[in-house]
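Okay, so here's the structure we're looking at.
Quick note: numbers below take in every heavy atom, side chains included, and nothing from hydrogens, waters or symmetry partners. For the single chain, residues carry numbers from 1 onward in sequence order.
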Amino acid sequence: MDIPLSTIAVVGLGTMGTGIAEVLARSGREVIGIDTDEAAARRAVASLEASTARAVERGRITEEERRDALARFRTFSDLQAAADAELVIEVVPESYEIKQQVFRELDAVVSATTILATGTNALSVTRLAAESQRPERVLGLHFFNPAPAMKLVEVVSSVLTAPPAVEAVTELARLLGKEPVAIGDRPGFVADGLLFGYLNQAAAMYEANYATREDIDAAMKLGCGLPMGPLALLDLIGIDTARTVLEAMYSTSHDRLHAPAPILGQLASAGLTGRKAGRGFYTYAEPGSQTVVPDALTPAPRGAEAAGRTVRSVGVAGSGTMASGIAEVFAKAGYDVVLAARGQEKADLAKARIAKSLGRSVTKGRLSEQARNETLARITAAASLDAFAEVDLAVEAVAEDLLVKQELFATLDKVCRPGAVLATTTSSLPVVAIARATGRPEDVVGMHFFNPAPAMKLVEVVRTVLTADDVHATVHEVCHAVRKHPVDCGDRAGFIVNALLFPYLNNAIKMVEEHYASLDDIDAAMKLGGGYPMGPFELLDVVGLDVSLAIEKVLHNEFRDPGLAPAPLLEHLVAAGCLGRKTGRGFREYARR
């Protein structure tokens, strides 16, 4: 069926409706903007005038194109204005009652061939369609905010939707320069279905006083490359909106990961709904502002904490990529480094890896030849941990095996001088269990670097119930000296990043298991709709499916939440030896090098 969709009505002229209207008007469509609040309609016109003026200033459109776009956008306060529309997109508040009322009124106004699209990201499209007189013409058309910039559009079909309607809006999305993803009807769809579970877990983590809001947000930005931290994103979305989405998801999934964290309800009930209210998890300069201002929860400036111990020399235990990367970080910052491995040959190979890395930096102009030589001269490759006798800080980066690490720390306890700080880079094991392998657990702390260590800015500082104040302070001082960003967290499985990242990855696998969406559509949805640098399946294959499964098991064993149980598909792939890029096959196949 050839449906040109040249005249489109947008019902609800809030931020999202206004953004959609702008996209449509600038694409040459006649746009009928409808809102019962005349002030909202005036703001929508003003917004379009301002955004198109900026586009002219930046050379993206001409003044004539701007005038034409503004002329194509007309606003009304009555749904009767939608009578001639070929497509109606509603973006009114997330309420069945409000949306159903809009659809009932539209049924009496529009023609029999008009497509009715809901912009919901939380409610059942099927339920809305069933209330309509023409359910075959009802579907979901979920844009992402801000609509002019975000490429993803989720096209949501119910069991009642006619294929020609889906084809028509899918083609429209492409003509608008968007990337349409066709999916079925379930709360949250793909992008929000994965995103909001992660946001909910971050809210629960903050509510439990596990980490500060600043450290949670910094950890996810620096550790995962996300454009915003989860708590700042909740403030942007609206805490009340997020809670509505989660309630809808939980009503279908009954997964505890989707049960809204109590703090979301408390903040929403208090009117602290985020940026739009001027306060949510953070406090803002004024309602609607994006400028965060200090409040009672803002951390004190550096220097208020206890003084740390003096660190001039560092020992790094291990010979793998992480160990050599950490040694490079310390040496470049001016520390004398002892890199110890099991045997001189392995130690020399690890140092050679550092030399190669530094050489690449020289080639790219990031490092001078002299700085390269001075950095390498600070590194001593050693055949055993005995070389750590005089170091001030010992950092282990060996296999992620508790018995291996406990044995190593028992050796460090004997070898290292009194007062030396002993740090483990574990990403999933209990730091206190490693500390108890020594006779000085107060000197032991977690110092979780991220791979590749020279490039990644984040270090999770894991303090156990036994860690001394000055040891904690020492690690913070050292992190700043090597230009890393430390975040504090307690000694529990996954710390911050992995505890939030891997349930999200696991849920993505479950979507594929349930045949809800394809690998490609899920990866595209999270990159285009969530701003993630990599889709979940791209990331799983890079991390390694065996590593991912091990972390999932640790999280499940510690928190005993059924929703954290590793997806069977992940276990099957690992059992088959399909571990990701390193084996040439994981969720996808890769060319052998």
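Pairs of residues two or more places apart, or lying in two chains, that qualify as side chain to side chain donor-acceptor pair (under 3.5 Å) and include a residue from residues 205-220 are R213-D295, R213-T298, D217-Y282. Identified under the ring-ring contact (aromatic ring centres under 6.0 Å, His included) test for residues 216-256, with sequence neighbours left out: Y250-H254. Note on residues 516-545: pairs passing ring-ring contact (aromatic ring centres under 6.0 Å, His included), not counting sequence neighbours, are Y504-Y532, F537-F587. Residues in residues 549-570 take part in no side chain to side chain donor-acceptor pair (under 3.5 Å) pair, two or more places apart or across chains. Applying the ring-ring contact (aromatic ring centres under 6.0 Å, His included) test to residues at least two apart or on different chains, none of the pairs has a partner in residues 425-446. Counting only residues at least two apart or on different chains, the side chain to side chain donor-acceptor pair (under 3.5 Å) pairs with a member in residues 324-334 are S324-R353, E328-S357.
When all heavy atoms of R378 and A331 are compared, the pair lying nearest together is NH1-O, 2.7 Å. Closest non-hydrogen pair, G318 versus L339, comes out as O-CD1, 3.5 Å. When all heavy atoms are compared, the tightest approach of L246 to G197 is CD2-N, 4.4 Å. Between A202 and L500, the closest heavy-atom pair is N-CD2, 3.6 Å. The shortest heavy-atom contact between L528 and M150 is O-CE, 3.3 Å. Taking all atoms of both residues into account, the shortest heavy-atom contact from A242 to I237 is N-CG2, 4.4 Å.
Considering only heavy atoms from C-beta on, E460 comes within 4.5 Å of I496 through its side chain.
Between R186 and E514 there is a salt bridge, with a side-chain nitrogen of the basic residue lying less than 4.0 Å from a carboxylate oxygen of the acidic one. A salt bridge does not link D541 to R581: none of the charged side-chain nitrogens sits closer than 4.0 Å to a carboxylate oxygen.
Distance alone, capped at 3.5 Å, places no donor-acceptor pair between the Q406 side chain and the D401 backbone. Remark: side-chain polar atoms of E396 are not paired, donor with acceptor, to backbone N or O of K405 under 3.5 angstrom. For T252 (side chain) and M249 (main-chain N/O), no donor-acceptor pair under 3.5 Å exists by modelled atom type. Here the side chain of D443 pairs no donor or acceptor atom with the backbone of V471 at under 3.5 angstrom. At distances below 3.5 Å, at least one donor-acceptor pair connects side-chain atoms of K510 with backbone N or O atoms of G563. Remark: the backbone N or O of M322 is not paired with any side-chain donor or acceptor of N451 at under 3.5 angstrom. Although no hydrogens or angles enter the test, the distance criterion places a donor-acceptor pair under 3.5 Å between the side chain of N200 and the main chain of A259.
Note: E154 CD to D192 CG = 6.5 Å, rounded to the nearest 0.5 Å. To the nearest 0.5 angstrom, L545 atom CG is 13.0 Å from H572 atom NE2. Rounded to the nearest 0.5 angstrom, T424 OG1 and L408 CG are separated by 9.0 Å. Separation of atoms CG (D521) and CE (M526) is listed at 13.0 Å; rounding is to 0.5 Å. Rounded to the nearest 0.5 Å, atoms CG (L222) and NZ (K457) are 9.5 Å apart. Taking NZ of K484 as the start and CG of L458 as the end, the distance is 9.5 Å to the nearest 0.5 Å.
The one candidate from V329, T425, V421 that meets the side chain to side chain contact (heavy atoms under 4.5 Å, CB included) condition with V395 is T425.
Defined by atom type and a distance below 3.5 Å, a donor-acceptor pair is present between the side-chain atoms of S428 and E400. Looking only at atom types and distance, the side chain of T244 has no donor-acceptor partner in the side chain of T241 under 3.5 Å away.
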>> side-chain contact (heavy atoms from CB on, under 4.5 Å), that's the test. Do R309 and D392 meet it? Break it down for me.
In response: CA-CA 8 Å; R309 303 176 186 178; D392 303 309; over 6 Å; no
